[in-house]
Amino acid sequence: MSDDLQPPTVDRRRFLTVLGTAAGGGAMALSGCSTDRVQKLVPYLVQSEDQVPGVATWYASTCTECPAGCGVHVRTREGRAVKLEGNPDHPVNQGKLCSRGQAALQGLYNPGRIKAPMARAADGGFLEITWDDAIARLAGKLGEAGNRVAVISGAPRGTFSDLLAEWTSAMGGRLVRYESFDHEPVRAANRQVFGLDQLPAHDFGKARYIISFGADFLESWGSPIENQRGFARSHGFSGGDVAKFVYAAPRRDLTGLNADEWVSLKPGSEAALALAMANVLVADRGDDRVGLASALGSFTPAMAAEETGLEVETIERLAREFGAARPSLAVAGGVGSQHAAAAEVCAAVNVLNFVAGNIGETVRFGSALPAADGHTELAKLAQAMDGGELAVVLVHDANPAYTLPKSSGFAARFAKVGFKVSTSMYLDETAALCDLLLPQHHALERWDDVRPRAGVHGLMQPVMEPVFNTLPAGEILLRVSRKAAGALARFAAPTWDQHLKTRWQALAGELGERDAAAFWHAALQRGGVYRDPPPPQEVTLTLPEGRLSYTSPTFEGAGSFTFLTYPHPMLHDGRGANKPWLMENADPVTKITWHSWVEVSPATARTLDLRDGEIVELTSPYGTVEAPVYVYPGIRDDAVAIPLGFGHTAYGTFAQGRGVNALDLLGAPRGDFVPYLSTRVSVRKTGGYRKLASVAGVPRQLGRGIAEGISLAAAKKGLTVEQAYLEEGHGRHEINTALELEAIRGWSEEQQRATEHGDYTRELPQWGMAIDLAKCTGCSACVTACYAENNIPTVGESEVLRGREMTWLRIERYWEDPEEPGAPPSARFIPMLCQHCGNAPCEPVCPVYAAYHTADGLNGQVYNRCVGTRYCANNCPYKVRYFNWYKYNEQAWPEPLHLQLNPDVTVRARGVMEKCTFCIQRIRDTQHHARLEDRPIRDGEFTTACAQACPSDAIVFGNVKDGAGRVARLKQDPRGYHVLEDLNVRPAITYLAKVLLPAEA
Amino acid sequence: MAVRKTARGARRKPGVLASFVHVDAAADAIRALRARGIKGLVVYSAAPNHEIEEALDHRVSPVRLITLIGGLTGCAAGFGMTLWMSYDWPVLVGGKPIGSVPPYVVIAFELTILLGALSTVAAVALFSILMGRRGVPYDPKFSDDTIGVFVPATQDLARQVEQMMHSAGAVEVRYEGA
Amino acid sequence: MAAVAPPRSVGHDGLVITQTHADVTRDVVGTLSPPTRGYVLLLLGAVSLFLIGIVTFLVLVKDGLGHAGYQPPIFWSVYITTFVFWVGIGHAGTLISAILFLFRSPWRTAVYRSTEAMTVFAVMTAGLFPIIHIGRQWIFYWLLPYPNSRFLWPNFKSPLIWDVFAISTYLTVSTTFLVFGLIPDVAAVRDKASGWRKKVYELASVGWRGTDNQWRHYSRAYLYLAALATPLVLSVHSVVSWDFAVSILPGWHGTIFAPYFVAGAIYSGIGMVLTLIIPLRRALRIEHMITAYHFDNLAKLTLLTGSILFYAYGMEYFVAWYSSNIFEQTTFYRRAFGPYWWAGWTMIICNAFVSQLLWFRKIRTNLTSLFVISIFINIGMWFERYVIIVSSLSNDYVPWAWDQLNPTWADWGILAGSFGWFGMWFLLFAKNFPIVAIQEIKEMIPMPRKRGGHH
Amino acid sequence: MRTLAIVLGGVGAGGLAAVLAFASPSPQAQQSQAPADSITAPVISDTGSLKGPRQPIFFRHDIHAGQFKIQCQYCHYSVDVSPEPGIPTMQTCMGCHLVVAGSDSSSRTEIRKLRELWTEMKPVEWIRVHFLPRHAHFPHQRHIKALGPTACATCHGDVSRMPQVFKVNQVDNMGFCITCHVERGVSRDCSVCHY
């Protein structure tokens, strides 16, 4: 890395002259077991300081996939990024990274990227032009436009957004910051009751009781990784206790499936519940600060029961449970529950938190997250477009043509602008409407920074040569300024990089750093500058006019079902849809890939005679969509739901034409946000059918003890799962007599001894894993990590339909039927991967020893030896072996996506079996390092990709023989069990049973 | 007399070739010939026949010994190969011993049968075809419904033999010169 | 040649034989007459089916096995089903030729040649499947223990290697057995043939003349071959059954599998024998050689093996229930009432129930009913393997992985190709080699005696 | 052109040091320092008869590694730290050849080719001699660590006597690896190399 503030040195520019023929490594060659060879050795021109062929170089950077601003480490090999991992130094994500963040790599190498600047041609298509030409065209148009200029940009704040703001205002133009899921209701509520226009930080780890009013904090709400880390701490039985988590919403999303209790209330009635809970607490405590008692007086449990459809007892119980736990935490403002009066819900929750004394404890103000401008501004801008007031509109990091409901008419209004420019990397819906495309660098290709919150300055640096002929957006602005001169002449920085570094020099000064060079160097190494968050801001509750308002939700349309829509956990607002990892990594809730679905409750399905895959037509006043049904026990009978993020009309081959856009059923935003919960729909069975591209088989455990649970009481007593069953009177029936058992054990011991030969007698580590189901939320970040690390091909929808997805690591989601009939089932998540059995059934059946046991306890799979009899897969009781039915290696990574491949892992050819290897390439690499330094491997020195990514830290990997190591200790946990223990296959993975809370406790 | 060669290149044997339709007649003839101490009879028949076998009173075929040797070799090869190959590059699979005899029984069994059968066939090829006598006259009807008896005989003995054949009931008797 | 009236002789066990040796030769050599149009059409049909199989196979090699309907967790499906089906078919021949030879059953003589040929061609067909079904067909030879530059040997603990040895041994031994038995008959044909055909048969008869010395070794050797083939025929399908039984898959790992599979194999094999020889005897005009007597016996054998199967099916369900093993229980419950109920019941009806009809002598001796039953047996036994393989795989330990199979054109293409390949060889054989054992029939017909009466 | 200037500057400084250290071009100096077994690379007139693939530049290992005794690691710089041995960068070549222009006409021709490529900022596209299939991982650093820095010849043959490098051993044949591993009692577990 560069030590100074000089322009980027030649080093960084001179990685590889020809990607694809790296020295020695032949890094690009796609080969499994065939012998296609790299024929040429092409040397570097100049030795790069930070690249050694065959050795990974890591760069620190910042994730830009959502506004949370997590820190990332980018692993590069031979001058190309191959993997993203969390930056352990970063205060937001502390080394963890979600699926969306990891999939940024597929954004970088996306085949749908715009490869060069383009201009609209006469025939309506786009024509490639030079950058000079492109800059000149834009400068020319800006010169003509005067102040009739507007910019629509994404929300993240940083040097670029500052420059953009100054640049726009220099022209007298307007800047609208637009973020589709911008938490505007939360901010509105905070303005209302606390007088603060900001988003607070939430400490889920500290909370002893959590209630979420439809806030999907594990998926899109706030800072998901940070939330999940905290949630795992409070809810994951880490301190010997579990904070109860209640989810109050009409539909259970992934967050809701992790709840101990689901309070299924009428859509849009959350505020009533929150206010009634506050009412009960205030009444119980005789609390009458700021006139609360009177303000809450009318919101009795009875009134709330009427509004929400819950029992009065339930409301009172929830209130008292919430009040009894100190501190507790209530959150609200999820996208899915965003209805016209959503701000009221957030205000009510603010009151509830205030009453319970959580403000300053688990809810802290003062480290504001960046804010977008809200839809009012965008609506005004659209009006201006419509009126022909704007000559030039520049769209940066935003795709309003897709993320706004069609009924808002944005596309038509946008079309009226004389000259539309986009800096998008991809030809998304908005870019497709533009006249000039100025593709910007990907975040991994450019210098940039973001300020996700106070005290955190995340830095981005180019980790590789740009894949295409693109420029950093800042550079585009500066070049245009130079060309256009006039009002823009004051943006005189020679380059964007120079501009950024100047700013950082200034930042060093602001932060009181004297040595700017050292500051810069440290920031580059750590991925930014992290200061402690400012102390929580004191807030006081003020009730506007001493009142709290509650509006009964109203819905447009005459249909009999309330229409719910929600952010897809992988695709977010749709921006993930062009990344095959996110499309194929199933939705953690429904386990459906690649297309949209309509969720209906089992009761509704019975009434309407619907089964999975039958196509229904949903009609709202704003439109009609058709999608196949998914019968989902986590949704109310009076509602149906479709996820957001599908139904792109542009945005590349992976996204385009898949599924439907749920926004088509919604009305235009009124006020500051899109009312995602605002319509009622009628449901009509079309008679069509389409098999769901689901990765789920039978979602019940059928008494097989796969994802085990243990009651909190038993867990606290330190009972094993078996003992807990016995205590409950569910002891298992043992078929063998004690004598037989002894004989079996003796025989298997003898077998084990007979295996000691050659390498197998050596003192080698035995690799093992422990997975804590109490912590696992089913978020599937580990799955994406596994895809990234191990070159797992995405096989596409048609192959998923045939059950051929290659997920070495999959998250199984089982429904657990409740004790009392009629209640909705609860969910259990269990990551299922190769168990690396000691007595692996897959091994002896392989005729060619392609499946065999390594001396260090791994279940090895030698791809190049495999002839593809597939007996191993038949004989695997966990069904974690995956077969290359087709030449997935030639189909899964269309250029330049193949550049993402990890050169340390063989890309498997067709006809070959593959499976989890416990990231053997990492084991071997660490062994090489240790050997070069003549030392043993240290515990925690490395870990598998899944364990590294897990935001809950539920997966721990290591040497089982190392008694002091984390794995060995976790394996001693009484909650530990092996899946299908009775088969005597001796798995190397120990699962720790999920700790269950009774719903009413 | 010129020496004629058969297609196989073997020197043609002189002798009397008699054809019988009746099996007991042929058996009588064979018994009579053997009583006279005539050796080197060749009896043709379309199918094996008890009466003729009894009349000829051959020793039991040595094929069985070869079959036994072949089978035992196969068995030994089976166990030898599997065990040696297992220890030549010991690979642990499924927690089973490296050299695991029970599964190898299958291989040894199959090789026992295979080599046993192949050596049996080889033995027949050796004894019946390769070591069989050459140059003995043959008539195609012997594969149909006629029993043939060939008596090696010089011209002077031939008359006597022909006489015996006729009296035993041969339907056709002829002398085949060298 | 003295005219001797052929005696209306009575052979062993009351089997009436009305022919002389010369008749036998004439009739059997008569089957080798120039082909009729019907034969040519049949042969063309078989070859076209075979070509369909070839094309399917080439596509599989080009693109991968994905074209077939494999749907994890069902990693084996139609190909292995068909493999086991053909191996099973291959069992009747050796049973009839070897085991019944040792038991001195006279009725085998007329049918054993055709069944033995069926065996060889069925095993030849089956032998292709392990190659077709593997993911990388071009390196199938890695399953053989040959010295190589990698110093690697195959894993003899794998049942698939046992299979390699069992199937190749079986193919070798049954081919040997067939060819060995053919030699005297080819010699007989040689002596009736003329022209180039004579030359070919001459070569094929390897100098056989039927001398006493040749018969002496030959008879012994035939006995030993039969003695070796008998345990082999029992072992081969046992080994094939162990392909499944040594796994841990519920529905596969049954200790009953070896006898169950052997009985099933013989059952299916005789079914196929009936399907083949009922039309064949008419086409070749050898009705007087293969008679109701033979069919009655074949049907009794079918009844016996069918009843063993019935017992085995019952036993599987009983053991699943009695074991208290939920995995086993689920598998068998779903076999009858799960998504594969139709296949499960097809198998039970065709095999267990239909075979019971053969208790009736009328049905046993009626060729039409026997032919219909034989078709049921063929279908039932194919489905038996389909059920065992596919339905067991579709629901094993982890419910999350359960799925069902949808066979595709690539599955049916290979299946059709296998029938074409088998049919092609069988038809070619029937027209070029004696389909009835001349020599053994002659052995059973008492030769004319000068003195009359029995020996 | 600006980048070129920077590059050339860097090359000049680094290269000069290297030249002084390793590659004294004067024959007299060479002789006085050379040990008894010193190699003098032969003059080669007929390159067509040499074994091995013909390279775009007739780079002579026998001159560099043999006659001038430049250590392997000078050019193959990452061999002891990385699985990959590293192919010398153009900068490394130019480090010497900015100054060294060649002693005879044939070497001058080849060095001129190198310099031309350098001015055009194009790399030499060497023809690869030793391959491993992608499913076999050969960590060079481990082998150098275990066998010492001069162990290259174990697999690659005595390159210092090869005017043109050719494949001496079947390094892409698993048997070649296994023989050595068995002889030295090192693990031959499959997953040591295949993953």
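Sequence lines set the chain letters: A, B, ... in the order given, protein chains first and strands last, and positions in each chain run from 1.
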Q: Check each atom of A:Thr854 against the heavy atoms of chain D and say whether the ones under 4.5 Å are side chain, backbone, both or neither.
A: both

Q. How long is the span from the OH atom in A:Tyr849 to the SG atom in D:Cys190, to the nearest 0.5 Å?
A. 10.0 Å

Q. Chain A contacts: which residues in residues 176-187 of chain D have a non-hydrogen atom closer than 4.5 Å to it?
A. D:Ser187

Q | Among A:Val862, A:Asp925, A:Asp759, residue most engaged with chain D (heavy-atom pairs, under 4.5 Å) | A | A:Asp759

**Q.** Stepwise side chain to side chain contact (heavy atoms under 4.5 Å, CB included) check, D:His194 with A:Arg865
**A.** CA-CA 9 Å; D:His194 299 303; A:Arg865 180 64 175 163; over 6 Å; no

Q | Charged N-O contact under 4.0 Å between D:Lys145 and A:Asp934 | A | yes

Q. Rounded to the nearest 0.5 Å, how far apart are CD of A:Glu78 and CD of D:Glu84?
A. 6.0 Å

Q) Is there a donor-acceptor contact under 3.5 Å from the side chain of D:Asp189 to the main chain of A:Ala855? A) yes

(Q) Working to the nearest 0.5 angstrom, can you tell me the gap between D:His135 NE2 and A:Asn864 CG? (A) 4.0 Å

Q) Hey, is the main chain of D:His137 close enough, under 3.5 Å, to the side chain of A:Arg924 for a donor-acceptor pair? A) no

Q.
I'd like to verify something: which residue of D:Ser78, D:Ser82, D:Ser191 has the highest number of heavy-atom pairs under 4.5 Å with chain A?
A. D:Ser191

Q) Side chains of A:Gln921 and D:Tyr195: does their closest heavy-atom pair fall under 4.5 Å? A) yes

Q. Non-hydrogen atoms of chain A under 4.5 Å away: do they reach the side chain of D:Val129, the backbone, both or neither?
A. neither

Q) In terms of heavy-atom pairs under 4.5 Å, which option from A:Leu858, A:Asp856, A:Ile923, A:Leu932 contacts chain D the most? A) A:Leu932

Q | Closest heavy-atom pair and its distance - D:Arg134, A:Pro903 | A | NH2-O, 3.2 Å

